Amino acid sequence: MSQPVYHYLTLGRLGRGEVLNLFLKDAGIDKKDVFYPWDETWPATSDKLAQQGLTPTGLLPALEYKGDVYTQHIPTLRFFARELGAYDGETNKEKYIVDSVADIYIDWRSQWVASISGATPEYKEKVVPKYYRILGQYYDETTGPYLLGDKITYADFAVYQSIDNERRTGTLPAEIPESLVKLEKAIEARPNIKDYIKEHK
């Protein structure tokens with residue numbers, strides 16, 4: 001497989017780029033990392049990257065692969081799942097379930113980003129509990145630990161990262177559904193990423 005070039009911000013374990021990073025590590029895909037400072041220089045850098053055609057929105061992550069550039073982390077995950085023939089549902093019904101949870105994550109993420117500078121009571125008391133309650137309903141449908149039971153999908157990485165992000169921003173509820181606790185433990189025990197996660201806690 002051609003080595004991808006991964007462009008992201010110096011945010012450590014925080015943000016949507018980490019979803020893609022964990023996925024690629026888990027899949028054993030070696031990549032070249034190019035990081036950009038997240039400081040006062042970023043607006044100018046963002047404009048430059050957009051002008052160069054690396055990212056039409058000026059946002060990252062962006063992934064160069066086989067002469068093309070892929071942006072938007074969830075569609076990029078779907079692309080690689082199809083490329084690898086893994087990390088997705090096998091039937092149309094399973095694919096629907098995976099896509100549904102990914103969309104729920106996308107809706108959550110837009111509200112989480114808006115809360116980073118200061119979470120409102122509405123976010124903490126309404127948005128967050130509802131998000132985990134809905135996810136719990138999906139994950140409770142199987143014995144786990146993943147959305148489709150013992151078969152990991154790209155959506156599992158997004159859900160895992162959402163939990164990790166909220167823990168880092170202090171907005172994770174004191175309790176989340178047990179099925180999501182099982183997901184966290186399973187992700188963190190996966191051979192290709194467990195050492196990385198331990199080193200970057």
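It should be emphasised that the depicted structure is a prediction, and the values quoted were computed from it without experimental measurement.
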Evaluate salt bridge (charged side-chain N to carboxylate O under 4.0 Å, His left out) for R78 paired with D88, printing each intermediate quantity in order.
CA-CA 8 Å; R78 289 185 183 127; D88 201 358; over 6 Å; no
Any chance you could lay out the side-chain contact (heavy atoms from CB on, under 4.5 Å) test for Y154 and L84, step after step, and finish with the verdict?
CA-CA 11 Å; Y154 72 85; L84 297 169; over 6 Å; no
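Counting only residues at least two apart or in different chains, salt bridge (Lys or Arg N to Asp or Glu O under 4.0 Å) contacts with residues 109-133 are absent.
N92 CG: 12 or fewer foreign heavy atoms inside a 6.0 Å radius.
By the side-chain hydrogen bond (donor to acceptor under 3.5 Å, both in side chains) test, S100 pairs with no residue at all, sequence neighbours left out. For E64, the salt bridge (charged side-chain N to carboxylate O under 4.0 Å, His left out) test picks out no residue, with sequence neighbours left out. For the side-chain hydrogen bond (donor to acceptor under 3.5 Å, both in side chains) test, residues two or more places apart in sequence or in another chain that qualify with T57 are T55.
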Please tabulate, for the side chains in residues 22-34, all donor-acceptor contacts under 3.5 angstrom to protein atoms that are two or more places apart in sequence or on a different chain.
from : atom 1 : to   : atom 2 : distance (Å)
D26  : OD1    : R190 : NE     : 2.5
D26  : OD2    : Y87  : OH     : 2.6
D26  : OD2    : R190 : NE     : 3.3
D26  : OD2    : R190 : NH2    : 3.1
D30  : OD2    : Q3   : NE2    : 2.9
K31  : NZ     : N21  : OD1    : 2.9
K31  : NZ     : D33  : OD1    : 2.6
K31  : NZ     : D33  : OD2    : 3.4

Identify each donor-acceptor pair in which a side-chain atom of residues 45-53 lies under 3.5 Å from a protein atom, sequence neighbours left out, and give them as a table.
from : atom 1 : to  : atom 2 : distance (Å)
T45  : OG1    : T41 : O      : 3.1
S46  : OG     : G58 : O      : 2.6

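Considering every non-hydrogen atom in both L9 and F35, the closest pair reads O-CD2, 3.7 Å.
In this pair, F80 and Y65 present their aromatic rings tilted. The plane angle is within the 30 to 60° band. By the 30° and 60° cut-offs, the orientation of the rings of W108 relative to Y131 is parallel. Between Y6 and Y8, the ring-plane angle classifies as tilted under the 30° and 60° cut-offs.
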